Every structure is written in structure tokens, then in C-alpha cells.
Amino acid sequence: MTDVRTVLWFDGRIEEAAELYVSLVPGSQITDVLRIPAGDNPWPGDAPAGEALTVDLTIGGAPFQLLNGGPQFPQSEAVSISVTVDGQEEVDRLWEGLIADGGAESQCGWCRDRFGVSWQVIPKQLGELMQTPRSAEVTRAMLTMQKLDVAALEAAAAG
């Protein structure tokens with residue numbers, strides 16, 4: 001059997017990150033935690049014995065692993081987690097939860113959580129509106145936004 005998952009490299013706080021992610025995205029759960037063993041620590045970095053080395057989880061049913069690898073490879077927007085949700089209320093809830101406590105807004109539905117992980121919070125309505133004859137207008141409207149506004153996107157599609 002083949003097991004495929006995305007691994008995200010962190011510099012500590014992986015259990016806190018995993019708990020946030022499973023609390024925000026329905027259909028998510030932590031499935032395993034591997035801790036740094038006591039004794040002679042062969043792992044790079046300064047993580048103490050007992051701290052999580054990896055956390056396996058599903059985010060919306062998709063498998064991920066968070067790795068407490070140290071400061072060598074910081075997060076960047078080169079990798080993001082895209083979540084498609086239904087409607088403005090879900091966009092707002094997820095967006096606010098992700099940027100809370102030190103996260104940041106970006107452009108076109110992208111934001112960064114307090115751990116530095118980039119997310120795309122996309123209403124399913126955007127995909128539907130991009131299939132209309134006014135998709136160029138929808139795109140132009142989207143390019144002006146940080147958090148996506150479903151009503152404004154619908155207005156752009158309506159003309």
C-alpha cells in the first residue's frame with residue numbers, strides 16, 4: 001500500500017498548529033503524534049525530549065504531516081493549503097480563525113496563519129462565477145480583494 005501526504009516543515013509549535021487546523025476545518029482530525037525520545041537526542045535542532053517531532057492529521061480529509069524540523073526552512077507562499085468553502089459566512093469564519101493571533105491577510109483570498117503557513121480561502125461560488133460570460137469582470141474584482149467577498153464577485157458577474 002502507498003501512503004501519500006503533504007509534509008509541512010515547522011520550527012516548533014506543531015501540536016498547537018494541528019489543533020488550530022482541526023478546529024477550523026470540518027472533516028479534520030489529528031491521527032498520530034510522534035514525540036522526541038528521552039535520552040541521547042539524534043534529532044537536529046534544540047527540541048527537548050517529549051516534544052512532538054511529527055503530527056499526522058487530516059485537514060478536510062486530506063492527509064498532512066507537520067514536522068518539527070527546526071529553523072532551516074521557513075514557510076513561504078510557495079506552498080499553500082487551499083480550502084473551498086460554501087458562502088461568505090464560511091469564508092469569514094475560516095479567514096478570521098486563520099489570521100487570528102498574528103496571522104496576516106494577503107491578496108486574492110490568500111492569508112497566512114500565525115505559524116507562517118499560507119492558505120487560500122476560496123468560496124465555491126468563485127468557481128461557478130468564473131464559468132460565466134463575465135469571468136473577466138469577476139477576475140478583475142477578485143484581484144482587488146484580500147478576503148474574497150462573494151456578494152462583490154456576484155455583482156461583478158451580474159454587470
Side-chain angles (χ1 to χ4, degrees), residues 1-34 52-69 71 73-159:
M1 182 175 145
T2 302
D3 180 21
V4 177
R5 66 190 56 241
T6 300
V7 178
L8 300 175
W9 185 290
F10 282 71
D11 183 18
R13 301 173 59 197
I14 62 174
E15 288 184 279
E16 182 183 344
E19 289 169 7
L20 175 66
Y21 302 159
V22 301
S23 75
L24 290 175
V25 181
S28 302
Q29 66 177 347
I30 295 171
T31 57
D32 193 30
V33 178
L34 176 64
L53 176 64
T54 61
V55 175
D56 292 325
L57 68 157
T58 59
I59 301 174
F64 284 84
Q65 184 177 75
L66 309 185
L67 170 66
N68 186 3
F73 302 109
Q75 299 289 334
S76 79
E77 286 188 340
V79 173
S80 63
I81 300 171
S82 179
V83 181
T84 301
V85 299
D86 188 8
Q88 192 65 50
E89 185 176 313
E90 276 300 289
V91 168
D92 294 346
R93 184 191 67 76
L94 185 55
W95 186 271
E96 296 306 317
L98 289 169
I99 66 168
D101 301 322
E105 295 182 337
S106 189
Q107 290 298 118
C108 304
W110 289 56
C111 64
R112 188 180 66 246
D113 68 29
R114 66 181 175 252
F115 307 103
V117 175
S118 291
W119 293 76
Q120 299 176 56
V121 181
I122 310 299
K124 75 173 190 169
Q125 291 79 6
L126 175 63
E128 296 164 358
L129 296 169
M130 294 298 287
Q131 303 300 315
T132 68
R134 296 187 49 89
S135 64
E137 290 81 357
V138 172
T139 300
R140 279 193 275 284
M142 179 196 66
L143 292 173
T144 68
M145 299 175 185
Q146 290 181 306
K147 177 176 64 175
L148 298 184
D149 180 332
V150 173
L153 294 168
E154 290 172 340

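Because the structure is a prediction, the values reported are computed rather than measured.
Atom CH2 of W110 and atom CG of L148 lie 12.0 Å apart (nearest 0.5 Å). The structure places CD1 of I81 at 7.5 Å from CG of D113, a figure rounded to the nearest 0.5 Å. Residue I59 holds its CD1 atom at 7.0 Å from CG of L8, rounded to the nearest 0.5 Å.
With sequence neighbours excluded, the residues forming a salt bridge (charged side-chain N to carboxylate O under 4.0 Å, His left out) with D3 are R5, listed by chain and number. Take E16 and apply the side-chain hydrogen bond (donor to acceptor under 3.5 Å, both in side chains) test, not counting sequence neighbours, and it matches R13, R114. Residues passing the side-chain hydrogen bond (donor to acceptor under 3.5 Å, both in side chains) test with Q65, sequence neighbours excluded: D56. Among residues two or more places apart in sequence or in another chain, the side-chain hydrogen bond (donor to acceptor under 3.5 Å, both in side chains) test is passed with D92 by Q88, K147. Residues that satisfy the ring pair (Phe, Tyr, Trp, His ring centres under 6.0 Å) test with W119, not counting sequence neighbours, are Y21. In this structure S76 satisfies the side-chain contact (heavy atoms from CB on, under 4.5 Å) test together with A78, sequence neighbours excluded. R93 meets the salt bridge (charged side-chain N to carboxylate O under 4.0 Å, His left out) test with E90; sequence neighbours excluded. Scanning for side-chain contact (heavy atoms from CB on, under 4.5 Å) contacts around A155 gives an empty result, with sequence neighbours left out.
Within the structure, ring pair (Phe, Tyr, Trp, His ring centres under 6.0 Å) pairs that include any residue of residues 140-159 do not occur (at least two apart or interchain). Listed by first then second residue, pairs satisfying side chain to side chain donor-acceptor pair (under 3.5 Å) with a partner in residues 123-146 read D86-Q125, not counting sequence neighbours. Within the structure, the ring pair (Phe, Tyr, Trp, His ring centres under 6.0 Å) test picks out no pair touching residues 130-159 (sequence neighbours left out). Among residue pairs with one or both ends in residues 73-100, those qualifying as ring pair (Phe, Tyr, Trp, His ring centres under 6.0 Å) are W9-F73; sequence neighbours excluded.
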